[in-house]
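Here is the structure we will look at.
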2 protein chains.
Amino acid sequence: MVNVGKRSGRPRAGEERLSRDAILTAALGIVDDEGIDALTMRRLAATLKVNPMSLYHHLPNKAAVLAGLAELVFAGLELPDPGDSVPWDEQLKQAARAYRDGLRQHPKLALQVLSDTSAVSDVVVVTMEPFYRALDRAGLGPRQIFEAANTLIDFIHGFSLGEASVRAETFELAPDLLTRVRALPAHKAPTLTRIVNDLGADGLAYDFDSGFESGLSTLTTGIAATARRR
Amino acid sequence: MVNVGKRSGRPRAGEERLSRDAILTAALGIVDDEGIDALTMRRLAATLKVNPMSLYHHLPNKAAVLAGLAELVFAGLELPDPGDSVPWDEQLKQAARAYRDGLRQHPKLALQVLSDTSAVSDVVVVTMEPFYRALDRAGLGPRQIFEAANTLIDFIHGFSLGEASVRAETFELAPDLLTRVRALPAHKAPTLTRIVNDLGADGLAYDFDSGFESGLSTLTTGIAATARRR
DNA sequence: TCCTTATCCATACGTTGTATGATTATGTAC
DNA sequence: GTACATAATCATACAACGTATGGATAAGGA
């Protein structure tokens, strides 16, 4: 792991130089490919064919690298705004889907992204405009708009967290769940037991897409009711 | 850091012995007090007045310690079931509040807990009974019950994640937000700008409790509408 | 031309998780 | 009892990590 053939000292004018962006891009590549644990300063430096300590000229420490990654993901987030040509609830749903898609692009980073508050709040405010606009069109007051937007975002965050923790696109809840439920003394969870039986063996193939849509519908319906009450 | 006065070898019959539970309890204490980064195997061993390598007799590695902590938090989760004496939506809300409270008890662990899928799915199924019961009483079909429960849980997870990432009980969105919004070219986020102005300087003191309640109301309203459509 | 500053490299230190193996006691089989 | 597999602990050691320190080299303004 010796950087053979590397001259020490500041690079000459024409030569390639390191940059914060280059570092973060390389880091994102490593994380996407091999997961967040594979991201070490030494590994990152090796990928960039650079001495580990060179990184510290562009970023103060590893935490800053991780924060930068979160920032990168959010910066790449663009919510389409179909404008007023569609009903407000459809507008809201489209924005929500785009937000989820953005988070899904780097599943191994989801946890880091969602827990980095500063990255979130810095970019999010502007990015969220389509949310606010749709909720405004729905007829909500300013405070209600913020509350509804937060609720929706919280849902998407929680959903994405769950989604990111599972590899497959769809996963069968049924077989796993059935065995577990059957193993219970039925009186500990009577409703659950009954529901599972009602479903039969076939019923419960859960897939994330329809789960997300179901949540969106519930939320928009609830928001519509709030608007009507005004 | 030498365990002076400690005999080597297996402890005598009467003597205190290490156990998985004792280790996890000590670990939880460290995390609650000083955060998850303070939890190292050596620190944990020191707290228990034990050699670091002794831990590995009861847990295979550090990841298992963290997973055990997540398990512990979920195991301590008990959702009250007021039964059918209250309307179903109130029953649902109470269970949801209890779930949030449970996650709030160890804020520095929230991230670990929420991202540990296995711990979640193992215990959650039974714990969730009050959710299922309330949704059943609302008149939903089996599949809808699962979808609604998942949506609600996703919301709580996302909310708790945000809540755990912030120290204070309440935090002022207003001043921070105002400056940031004002710094924008207003046309980039016109609705946001207008809304913030409508709110005035006073309006937007966001606190988590009312944010959570607002989300709960939106969700139960949406669920009620789904039930009515059947 | 000189000097400050930017950029990169080499070395080194303390900390981490844990592999390996020695040490001592327990509990069972005979 | 005596032998022995097993359990529980400790001691030592190692590779990998983040990063502090300081030296090398070149850039760019004075």
Side-chain angles (χ1 to χ4, degrees), chain A residues 1-27 30-31 33-70 108 112 116, chain B residues 1-28 30-31 34-70 108 112 116:
Chain A
M1 196 57 72
V2 182
N3 281 318
V4 35
K6 260 278 185 178
R7 237 190 48 268
S8 190
R10 177 169 184 163
R12 280 182 261 261
E15 279 173 18
E16 259 184 80
R17 269 159 61 231
L18 216 49
S19 71
R20 197 186 113 103
D21 276 358
I23 295 175
L24 290 180
T25 305
I30 294 175
V31 172
D33 289 351
E34 309 175 36
I36 204 150
D37 289 340
L39 182 68
T40 72
M41 297 304 269
R42 289 171 149 93
R43 175 95 167 67
L44 185 50
T47 302
L48 291 160
K49 297 197 207 326
V50 131
N51 186 282
M53 292 313 293
S54 298
L55 304 175
Y56 289 86
H57 245 271
H58 305 271
L59 291 155
N61 50 42
K62 186 178 182 179
V65 177
L66 291 174
L69 287 183
K108 304 191 175 141
Q112 173 64 36
D116 190 319
Chain B
M1 197 58 73
V2 182
N3 280 319
V4 35
K6 259 275 185 183
R7 234 189 50 270
S8 191
R10 176 169 182 162
R12 281 181 261 262
E15 280 174 17
E16 259 183 82
R17 269 159 60 231
L18 217 48
S19 70
R20 196 185 115 103
D21 276 356
I23 294 175
L24 290 180
T25 305
L28 189 57
I30 294 176
V31 172
E34 309 174 36
I36 203 149
D37 289 339
L39 182 68
T40 71
M41 297 304 269
R42 290 172 150 91
R43 175 96 167 64
L44 184 51
T47 303
L48 291 160
K49 296 199 209 326
V50 131
N51 186 284
M53 292 314 293
S54 298
L55 304 175
Y56 289 87
H57 238 271
H58 306 269
L59 291 155
N61 50 42
K62 186 177 181 179
V65 177
L66 292 174
L69 287 183
K108 303 189 177 143
Q112 173 65 35
D116 192 319

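On a predicted model such as this, the values are computed, not experimentally measured, just so you know. Residue numbers start from 1 in every chain, and the chains themselves are labelled A, B, ... in the order their sequence lines are given, proteins ahead of strands.
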Could you give the [atom1]-to-[atom2] distance, from [X] to [N], as a whole number of Å?
{"X": "B/Lys49", "N": "D/dC10", "atom1": "NZ", "atom2": "P", "answer": "13 Å"}
{"X": "A/Arg43", "N": "D/dA16", "atom1": "CZ", "atom2": "C1'", "answer": "14 Å"}
{"X": "B/Leu39", "N": "C/dG17", "atom1": "CG", "atom2": "C1'", "answer": "12 Å"}
{"X": "A/Met41", "N": "D/dA20", "atom1": "CE", "atom2": "C1'", "answer": "13 Å"}
{"X": "B/Leu66", "N": "C/dT18", "atom1": "CG", "atom2": "P", "answer": "10 Å"}
{"X": "A/Ile23", "N": "C/dT7", "atom1": "CD1", "atom2": "P", "answer": "11 Å"}
{"X": "B/Asn51", "N": "D/dA7", "atom1": "CG", "atom2": "C1'", "answer": "16 Å"}
{"X": "B/Asp37", "N": "C/dT15", "atom1": "CG", "atom2": "P", "answer": "16 Å"}

Reported CD1-to-CE distance for the pair A/Ile23 and A/Met41, which is rounded to 0.5 angstrom |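 Rounded to the nearest 0.5 Å, the CD1-CE separation comes to 7.5 Å.
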Quick one: pull up CD in B/Glu34 and CZ in B/Arg43 and give me the separation to the nearest 0.5 Å.
->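 Taking CD in B/Glu34 and CZ in B/Arg43, the distance rounds to 4.0 Å.
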For residues 53-62 of chain B, which residues have at least one heavy atom under 4.0 Å from DNA chain D?
->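 B/Met53, B/Ser54, B/His57, B/His58, in order of number.
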Is it the case that more than 12 heavy atoms not belonging to A/Asp33 sit under 6.0 Å from its CG atom?
->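 Count over threshold, so yes.
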Minimum-distance nucleotide (side-chain atoms of B/Arg42 versus D/dC17, D/dT9, D/dA13) |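 Side chain of B/Arg42 sits closest to D/dA13.
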Residues forming a side chain to side chain donor-acceptor pair (under 3.5 Å) with B/Arg20, sequence neighbours excluded =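 B/Arg20: side chain to side chain donor-acceptor pair (under 3.5 Å) contacts with B/Glu71.
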Whether A/Lys62 side chain and A/Leu39 backbone form a donor-acceptor pair below 3.5 Å |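 Checking the backbone N and O of A/Leu39 against the side chain of A/Lys62, a donor-acceptor pair under 3.5 Å is found.
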Return all side-chain donor-acceptor pairs below 3.5 angstrom for residues 54-61 of chain B, not counting sequence neighbours, or 'none' if the list is empty.
residue, atom, partner, partner atom, Å
B/Ser54, OG, B/Asn51, O, 3.3
B/Asn61, OD1, B/Ala63, N, 3.3
B/Asn61, OD1, B/Ala64, N, 3.0

